[in-house]
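Inspection log for the structure reproduced underneath, given as structure tokens.
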Amino acid sequence: MLPDDLTQSSFHTHPNTGGDYLQEPSETDKCAVRDDPDLKGASYVGEFVISQAKIYLIAPNGQVSEISDTSIILG
């Protein structure tokens, strides 16, 4: 395991492409980041969620920001 201040971010994907699937971070995703004691280092910015259309960032406090279109960031 890395020291707390070396973990700057984490990520997971939401690869489901159908219209019935939630693309943005779920309540479970937000709580998992907010409540994880291993994600509290001073340099930790949050968890990126990569979906088909958008990239989101869940901050350590559980707040979600839309970062950009996935195609812009990942080409």
Side-chain angles (χ1 to χ4, degrees):
M1 182 161 181
L2 294 172
D4 285 345
D5 27 355
L6 290 182
T7 304
Q8 295 181 345
S9 66
S10 52
F11 79 94
H12 74 271
T13 62
H14 280 199
N16 300 316
T17 58
D20 294 340
Y21 294 102
L22 183 67
Q23 295 297 307
E24 65 269 6
S26 67
E27 213 40 55
T28 300
D29 294 331
K30 294 184 259 184
C31 290
V33 171
R34 183 192 67 214
D35 298 340
D36 189 330
D38 293 326
L39 302 178
K40 301 298 179 217
S43 62
Y44 184 72
V45 297
E47 177 149 308
F48 292 93
V49 178
I50 303 167
S51 74
Q52 179 186 23
K54 302 284 183 185
I55 295 177
Y56 303 90
L57 177 65
I58 306 172
N61 66 2
Q63 295 295 313
V64 174
S65 300
E66 187 178 297
I67 301 300
S68 184
D69 291 344
T70 302
S71 62
I72 292 172
I73 300 292
L74 300 179

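Below, each value reflects all heavy atoms present in this structure, side chains not excepted, and no hydrogens, waters or symmetry copies.
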So, for [X] and [Y], which heavy atoms are closest and what is the spacing to 0.1 Å?
{"X": "A59", "Y": "V33", "answer": "O-CG1, 3.6 Å"}
{"X": "I58", "Y": "P25", "answer": "CD1-CB, 3.7 Å"}
{"X": "I73", "Y": "S68", "answer": "CG1-CB, 3.7 Å"}

Is it true that a side-chain atom of H14 and a backbone atom of I50 form a donor plus acceptor pair closer than 3.5 Å?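 Absent.
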Please confirm whether the backbone N or O of R34 pairs with a side-chain atom of K40, one donor and one acceptor, at under 3.5 Å?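 A pair under 3.5 Å: yes.
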With distance as the sole criterion, is a donor-acceptor pair present between the side chains of S10 and E47 under 3.5 Å?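 Note: S10 and E47 side chains meet the donor-acceptor criterion.
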Working note: E66 + I55, criterion side-chain contact (heavy atoms from CB on, under 4.5 Å); need CA distance, chi angles, decisive distance, verdict. CA-CA 6 Å; E66 187 178 297; I55 295 177; over 6 Å; no
Would you compute the distance between atom CG of D36 and atom OH of Y44 and round it to the nearest 0.5 angstrom?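 The OH atom of Y44 is 7.5 Å from CG of D36, to the nearest 0.5 Å.
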For the hydrophobic clusters of this structure (ILVMFWY residues joined by side-chain heavy atoms under 4.5 Å, transitively), does one cluster hold both I67 and I72?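 Unlinked, I67 and I72 end up in two clusters.
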Name of the residue among V64, T70, D29 meeting side chain to side chain contact (heavy atoms under 4.5 Å, CB included) with Y56: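 Single side chain to side chain contact (heavy atoms under 4.5 Å, CB included) partner of Y56 among V64, T70, D29: V64.
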I'd like to check the side chain to side chain donor-acceptor pair (under 3.5 Å) partners of D69; sequence neighbours left out, ordered by chain and number.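 Per chain and number, D69 pairs via side chain to side chain donor-acceptor pair (under 3.5 Å) with K54.
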